[in-house]
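Data block below; observations after.
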Amino acid sequence: MAHTYTLAYHHIVFSTKLRRNLNRSEWEPQIHAIFRGIARNKGFSVDCSGGTENHVHLLIRLPPIWS
């Protein structure tokens with residue numbers, strides 16, 4: 001099949017231990033930049049990221065070789 005198209009989105013949630021409020025709002029841009037850098041180095045992308053003081057949400061898109 002020469003015209004096969006694969007797209008895999010994954011919603012990932014990371015939480016702090018015991019859901020403690022450890023993520024400060026001033027750290028949020030740095031935390032998300034770290035996740036984007038890891039994704040870029042590993043060959044996938046973070047399409048959306050967010051969260052609160054005790055967890056982080058990531059919507060990532062994996063290439064077909066990872067699916």
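Keep in mind the model is a prediction, meaning the values are calculated, not measured.
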Practice problem: Hey, could you give me each pair passing ring-ring contact (aromatic ring centres under 6.0 Å, His included) that has a residue in residues 14-41? Not counting sequence neighbours. | Solution: F14-F35
Exercise. Taking the side chain as every heavy atom from C-beta outward, state whether I12 and I60 have any atom pair closer than 4.5 Å.
Key: yes
Quiz item: Do I31 and V56 have side chains that get closer than 4.5 Å, going by heavy atoms?
Solution: yes
Practice problem: State the CZ-CZ distance between F44 and R36, to the nearest 0.5 angstrom. | Solution: 13.0 Å
Quiz item: With sequence neighbours left out, what residues match R19 under salt bridge (charged side-chain N to carboxylate O under 4.0 Å, His left out)?
Solution: none
Practice problem: Tell me whether L7 is reachable from L59 by hopping between hydrophobic residues (I, L, V, M, F, W, Y) whose side-chain heavy atoms are closer than 4.5 Å. | Solution: yes
Practice problem: Only pairs at least two apart or in different chains count here, so list each salt bridge (Lys or Arg N to Asp or Glu O under 4.0 Å) that has a residue in residues 7-18. | Solution: none
Exercise. Nearest 0.5 Å please: distance from the OG atom of S49 over to the CD atom of E28.
Key: 7.5 Å
Quiz prompt | Residues that T16 engages under side-chain contact (heavy atoms from CB on, under 4.5 Å), provided they are two or more places apart | solution = R20, L22, N23, N54
Practice problem: Specify the closest pair of heavy atoms between G43 and P63, including all atoms of both residues, with the distance to one decimal. | Solution: O-CG, 3.5 Å
Quiz prompt | All ring pair (Phe, Tyr, Trp, His ring centres under 6.0 Å) counterparts of H55, not counting sequence neighbours | solution = H57
Exercise. Sorted by first residue and then second, give each salt bridge (Lys or Arg N to Asp or Glu O under 4.0 Å) pair with at least one member in residues 45-65; sequence neighbours left out.
Key: D47-R61
